[in-house]
Protein chains: 2
Amino acid sequence: MGAPGDFETLKQRLVEIEPSLPKRLKQTAAFALQHPDEIALGTASGVARRAHVQASTLVRFAQALGFAGFTELQGIFRTHLRTRWPEYPERLKALHARAPDPGDPMSLLLGFSESAVRSATALRAQIEPETLQGAVELLAQARVVFLLAQRRSFSVAHYLGYAFAQLGAPALLVDDVGGLGREQLALAGPQDAALAISFAPYSPVTLSLTAAARAHGAKIVAITDSALSPLAALADRRLEVVESDFGAFRSLSATFCLAMTLAVAVAERRGR
Amino acid sequence: MGAPGDFETLKQRLVEIEPSLPKRLKQTAAFALQHPDEIALGTASGVARRAHVQASTLVRFAQALGFAGFTELQGIFRTHLRTRWPEYPERLKALHARAPDPGDPMSLLLGFSESAVRSATALRAQIEPETLQGAVELLAQARVVFLLAQRRSFSVAHYLGYAFAQLGAPALLVDDVGGLGREQLALAGPQDAALAISFAPYSPVTLSLTAAARAHGAKIVAITDSALSPLAALADRRLEVVESDFGAFRSLSATFCLAMTLAVAVAERRGR
DNA sequence: AGCACTTTAGAACGGAAGTTCGCAAACAGA
DNA sequence: TCTGTTTGCGAACTTCCGTTCTAAAGTGCT
């Protein structure tokens, strides 16, 4: 069987033979699909470095797919990169023409993507370095960080729980399963901190759990959308995030960026 | 005067000096602007042949613009082709210039924000309109949509559960609380669909729950990171998302955009 | 118009990457 | 333990870029 002639065929062929491939070639396959642009534009040795394999492995990978060598494989990725290019400006144009058919899934995707970009970009200017630093210090000094959020914001809190755990920092997700939120908070004390996340319309559960944490003496860091938020009144440190929205739907991308930042910065600070 | 640092500057410089350029260099300039992708992807001699000039002329052309040689000039065209985000390189440069200390929380924030922007931007080119449309149809025709995800991806599934509920579309978050995932899936049948989300390293629970859903006859839509993902093998419709990463941490912003899109599009489609 | 000087184009050369292949060590399966 | 496969490393080969040298074209001055 000959070598694939286009990118789709290549992908398909890859899926077929991947199970029978040895370890390094699997690794290479995964990298190739994940970073097609690297393959297209880079040199074999450069790609090899980034994929943590030997340059010769790339050649063997190409040969396993039926190509003569790396250069031939690269050709497929290059034409793919080149041919994919023209449709992009059209999509963008469609987006900025304010979505002729607002129900079309692709316009929705473009809208949400645009909104996420705006949010994440705006975040850089919104957050004061000192405020962020203060929040990190406060969380890093805590014995345990309690994570408080409900409804829309809960996904952020859950992600934080995951990230803190991965980083080896002590955090506890107060998920209020079975209405046991108060009991989950029972262990909180003055050495602890709570990271509360809530946006308008503020979930009453989050607010009351935050108040309870405060009553236990825990320090509060709040991620919320305005200084006037009821959550802000309860907080020792306040991080304000204004998300841009598309239609009736607010992005979460800035909030997630901030959450990731807190998790990594706190873990790093505790490490010292 | 130094060499242009990005494509726009290069173009501008070219317009400025073009009148004073000798014949062959004018010819080269015209070709470069007309076929930027040739320059980005080809070799000097290949480009020279297509532009009907000598290879050395290309080097002289590059030098006339202030570059050391052809390779340096090519770099600009390559990053331009890769990022496809004209204003972007400058920002990136500014970002990295302003953030020399990688441990500083603010640099982390900038890094994550940049990574989110890249992810959300790349998403637009990654998703094929037909694939997206197909996934939406499939989910809209289902009696109930089961949401399957664990660990890092769980936050997305939870958000989807929230969004579907808000939009009045029947969806059920299989959270596997207390290990009851299989029981939560017991109601699934051939009229239903499952939306499974998993990225490397793929959670075994998600995989087995997806397989179980499939065994019940439910149609599967997968959001995953590559065609080689074990989840892809189980799926009727496959949505590939490549998230950019910052350090060891992958963004979730593209996945969230896609999730929001699916929720809104499915709800809208059901409404008719 | 002719001549000398400057600028430009083309071609060959040298050096530097980059790619491929062969061999030996490491590994996995029997 | 033995065999077959895979991986890593380095050498050889190829390609490619940048420089330099020479010829030609252009330009200005006499």
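First the proteins, then the strands, lettered A, B, ... as listed; each starts at 1. As the structure is a prediction and not an experimental result, all values here were calculated from the model.
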| field | Spacing between I39(A) atom CD1 and dT19(C) atom C1', to the nearest angstrom | value | 15 Å
| Taking atom P of dC21(C) as reference, at what distance in whole Å does atom CG of L58(A) sit? | 14 Å
| message | Would you say that Q63(A) contacts F67(A) through its side chain, given a criterion of any heavy-atom pair below 4.5 Å between the two side chains? | response | no
Can you give each donor-acceptor pair under 3.5 Å made by side-chain atoms of residues 249-260 of chain B, sequence neighbours left out, with the distance rounded to 0.1 Å?
unit_1	atom_1	unit_2	atom_2	d
R250(B)	NH1	A200(B)	O	3.4
R250(B)	NH2	A200(B)	O	2.8
S251(B)	OG	E243(B)	OE1	3.3
S251(B)	OG	S253(B)	N	2.9
S253(B)	OG	A116(B)	O	2.9
T255(B)	OG1	E243(B)	OE2	2.6

| Salt bridge flag under 4.0 Å for residues K11(A) and E240(B) | yes
| query | dT19(C) P sits how many Å from F67(A) CZ, rounded? | reply | 16 Å
| field | Between dG15(C) (C1') and F70(B) (CZ): distance, integer Å | value | 19 Å
| Do the non-hydrogen side-chain atoms of P105(B) and E268(A) ever get within less than 4.5 Å of each other? | no
| task | Return the value, rounded to whole Å, for the distance between atom CZ of F61(A) and atom C1' of dT6(D). | result | 16 Å
List, with names and distances, any nitrogen or oxygen atoms from the protein found under 3.5 Å away from nitrogen or oxygen atoms belonging to nucleotides 11-16 of chain D.
none

| message | Please classify the nucleic acid contact of E72(A) as base, sugar-phosphate, or nothing, using heavy-atom distances under 4.0 Å. | response | nothing
| request: Report yes if some heavy atom in the side chain of F146(B) is under 4.5 Å from a heavy atom in the side chain of L195(B); otherwise report no. | output: no
| Whole-Å distance between dG18(C) C1' and Q74(B) CD? | 14 Å
| Among side-chain atoms of R151(B) and S203(B), is any donor-acceptor pair under 3.5 angstrom? | no
Pull out every protein N or O sitting under 3.5 Å from an N or O of nucleotides 9-12 of chain C, one pair per line with the distance.
unit_1	atom_1	unit_2	atom_2	d
dA9(C)	OP1	R24(B)	N	2.9
dG10(C)	N7	R60(B)	NH2	3.0
dG10(C)	O6	R60(B)	NH1	3.4
dA11(C)	OP2	Q54(B)	OE1	3.4

| request: For T224(B) and S229(B), run side chain to side chain donor-acceptor pair (under 3.5 Å): C-alpha distance rounded to whole Å, both residues' side-chain angles, the deciding distance at 0.1 Å, then the answer. | output: CA-CA 7 Å; T224(B) 188; S229(B) 148; 2.8 Å; yes
| message | Using side chain to side chain donor-acceptor pair (under 3.5 Å), reason through Q150(B) and D175(B) one step at a time and then give a plain yes or no. | response | CA-CA 8 Å; Q150(B) 292 282 301; D175(B) 55 17; over 6 Å; no
